[in-house]
Colleague: 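Have a look at this one.
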Amino acid sequence: MFEHLKEQPADKILALMESFKADPRSDKIDLGVGVYKNAEGITPVMRAVKAAERQIWEQQDTKAYTGLAGDPAFADAMIALVLGGAVARGQVSAVATPGGTGAVRQAFELIRMVNPGARVFVSDPTWPNHLTILAYLGIEAVPYRYFDSATGGVDFDGMMADLAGLRPGDVVLLHGCCHNPTGANLTLPEWQAVIARLNGAGAVPMVDIAYQGFGDGLDADAAAVRLVARSVPECLIAASCSKNFGIYRERTGLLMAVAQDPGLGKVTQGNLAFLNRQNYSFPPDHGARVVSTILGDDALRADWMAELEEVRLSMLGLREQLAETLQRLSGSNRFGFIAQHRGMFSRLGCSPDQVETLRRDHGIYMVGDSRMNIAGLNSATVPLLAQAIVESGI
Ligand code: LMR
């Protein structure tokens, strides 16, 4: 049978990671995959993560299975972190998943199970893996306008016009904060208008929140998802711990299904657990246990929050430095949006040819749609990037 297999197209982000590794230039700059790096280019294990791992190593006396939904302490801790009491705990069904991608995948599976004809509206652009998973599952993806490349902001009028085409049962995928790949985000009044449109159409929101704490702070970044959870009859939320706990390879995520009617919880919970069983049985536990250990211990939690805040502020500082340097070198304000964007990414808004020029002539790697990982910079490389951008006529 293997002879019938066809080559799969390479994942753009992961292929870029490989070409960066293969580039022999010592002054190359990696602005590709969404992984936080400190000023030395290292993705560190966070202090609280190390301490929690030590505690687990000392105290854990079994590796027997948890439940199909994962360790309940992880779900409780993450529901509190993401939803912050916006809805009662009894309104939330949840399962641990292998990373935020696992949560996204399980959410799409649930949508398809309930309604094989469901359409999922996705921002244009969105994280490429949203599109490939939808296509793989045979779910129709309908793009809605999102990014205004002329201003670097959200094309809100375009978005609302496209959401006017919603039908009952459609799902709308929204990025809770730190939009990937653009870095441009809705304001809270805009979120309110989007929610009203979805409620008016009988459509269901699905919020992907993979960067809580990377934008304006842990609570500020969760404000939109909390607003959604308390304002709609039901919603799905896919949360990732990869970035804010820096535990990328541990594959730690949570899928939540929130219903205003708590009577729906038992069956929903059972279906989420069923999907886990079909796809991989029990979800991974180590990263989840690290997260619940940190969130359940005042000292570890405080230290984690302090380190996360350092990470957030360092990215914000790089954004400001890059926007200022570009303003100085280009003599224009056209890159001011870089300081307004939030999270790890900004879409520069240049052509694929210009992205290629940056790679070929300057060893600067960004995704072909001109998404830059701001955390791939440091104060010494910001001027080099700014110079290269201006020299390349962007
Ligand atoms: C990214 O967008 O770069 C990250 O979410 C990593 C990934 O898996 O693509």
Side-chain angles (χ1 to χ4, degrees), residues 8-21 28-38 41-44 82 97-108 122-137 141 146-147 173-185 206-215 221 225 237-255 280 284 287 308 311-312 315 318-319 341-348 352 355 358-359 364-377:
Q8 293 293 338
D11 180 285
K12 285 185 215 143
I13 297 173
L14 304 185
L16 190 71
M17 240 167 109
E18 292 310 314
S19 21
F20 179 79
K21 272 190 213 151
K28 61 190 176 174
I29 301 175
D30 180 14
L31 308 181
V33 70
V35 171
Y36 172 74
K37 291 191 219 127
N38 64 18
I42 308 282
T43 304
V82 175
T97 54
T101 308
V104 166
R105 167 69 188 251
Q106 297 295 67
F108 290 161
V122 288
S123 62
D124 179 15
T126 191
W127 184 46
N129 216 20
H130 285 150
L131 301 174
T132 53
I133 299 175
L134 284 170
Y136 179 67
L137 292 175
Y146 185 80
F147 189 64
L173 179 54
L174 299 152
H175 297 223
C177 61
C178 307
H179 185 267
N180 178 5
T182 67
N185 297 291
M206 170 177 161
V207 182
D208 186 356
I209 178 157
Y211 297 89
Q212 187 185 354
F214 270 36
D221 289 349
V225 71
I237 303 165
S240 170
C241 301
S242 297
K243 281 84 179 181
N244 51 9
F245 288 87
I247 50 173
Y248 305 84
R249 64 174 66 168
E250 300 298 351
R251 311 313 298 137
T252 308
L254 188 78
L255 173 60
Y280 38 75
L308 178 59
V311 164
R312 185 180 81 80
M315 288 186 291
L318 290 165
R319 286 188 176 286
H341 285 168
R342 285 295 178 271
M344 231 178 201
F345 307 117
S346 269
R347 182 184 260 211
L348 190 54
V355 170
L358 288 171
R359 192 195 59 75
I364 294 170
Y365 284 72
M366 59 181 73
V367 183
D369 64 0
S370 75
R371 184 192 84 168
M372 309 181 281
N373 174 9
I374 296 293
L377 292 165

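Atoms within each ligand, like the ligands themselves, are counted from 1 in listed order. Only this structure's heavy atoms are used, side chains among them; waters, hydrogens and symmetry mates stay out.
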Colleague: List ligand 1 atoms under 4.0 Å from K243, heavy atoms only on the residue side.
Modeller: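 Answer for ligand 1: 4 (C), 5 (O).
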Colleague: Answer yes or no for N129: is there a heavy-atom contact with ligand 1 below 4.0 Å?
Modeller: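 Under 4.0 Å: no for N129.
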Colleague: Minimum heavy-atom separation for Y248 and G34, please, with both atom names.
Modeller: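 The pair with the smallest heavy-atom distance is CE2-O, 3.8 Å.
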Colleague: Strictly below 4.0 Å, N to O, side chains only: are K12 and D369 in salt-bridge contact?
Modeller: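 Not counted as a salt bridge, because no side-chain N and carboxylate O are separated by less than 4.0 Å.
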Colleague: Would M17 count as a contact of ligand 1 if the rule is a heavy atom under 4.0 Å away?
Modeller: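 No, M17 has no heavy atom closer than 4.0 Å to ligand 1.
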Colleague: Do you know the tightest heavy-atom contact between H175 and N180?
Modeller: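 Smallest heavy-atom distance, with atoms named: CE1-O, 2.9 Å.
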Colleague: Taking heavy atoms and a distance under 4.0 Å, where does Y211 meet ligand 1: side chain, backbone, both or neither?
Modeller: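 For Y211, the contact with ligand 1 is made by the side chain alone.
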Colleague: Between G215 and D221, which heavy-atom pair has the shortest distance, and what is it?
Modeller: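 G215 and D221 have their closest heavy atoms at N-OD2, 2.8 Å.
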Colleague: Check ligand 1 against W127 and write out every atom of the ligand that is under 4.0 Å from a heavy-atom position of the residue.
Modeller: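 Counting from 1, the qualifying ligand atoms are 1 (C), 2 (O), 5 (O), 7 (C), 8 (O), 9 (O).
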Colleague: Any atoms of ligand 1 less than 4.0 Å from a non-hydrogen atom of V33? List them with their elements.
Modeller: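 Answer, ordered by atom number: 3 (O), 6 (C).
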Colleague: Mark up the atoms of ligand 1 that fall under 4.0 Å of a heavy atom belonging to R371, in ascending order.
Modeller: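 Here the atoms of ligand 1 in question are 1 (C), 2 (O), 3 (O).
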Colleague: Any nitrogen or oxygen of G34, main chain or side chain, under 3.5 Å from a nitrogen or oxygen of ligand 1?
Modeller: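 Yes; at least one N/O pair falls below 3.5 Å.
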Colleague: With backbone taken as N, CA, C and O and side chain as the heavy atoms from C-beta onward, which portion of K12 lies under 4.0 Å from ligand 1: side chain, backbone, both, or neither?
Modeller: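 For K12, there is no contact with ligand 1 at all, from either part.
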Colleague: Answer yes or no: is there a donor N or O on one side and an acceptor on the other, between the side chain of R319 and the main chain of G343, under 3.5 Å?
Modeller: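 Side chain of R319 to backbone of G343: a pair is present.
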Colleague: Can you check whether M17's main-chain N or O pairs, donor with acceptor, with D30's side chain at less than 3.5 Å?
Modeller: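 Flag not set: sc D30 to bb M17 has no pair under 3.5 Å.
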Colleague: Centroid-to-centroid, F147 to H179, below 6.0 Å?
Modeller: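 No, too far apart.
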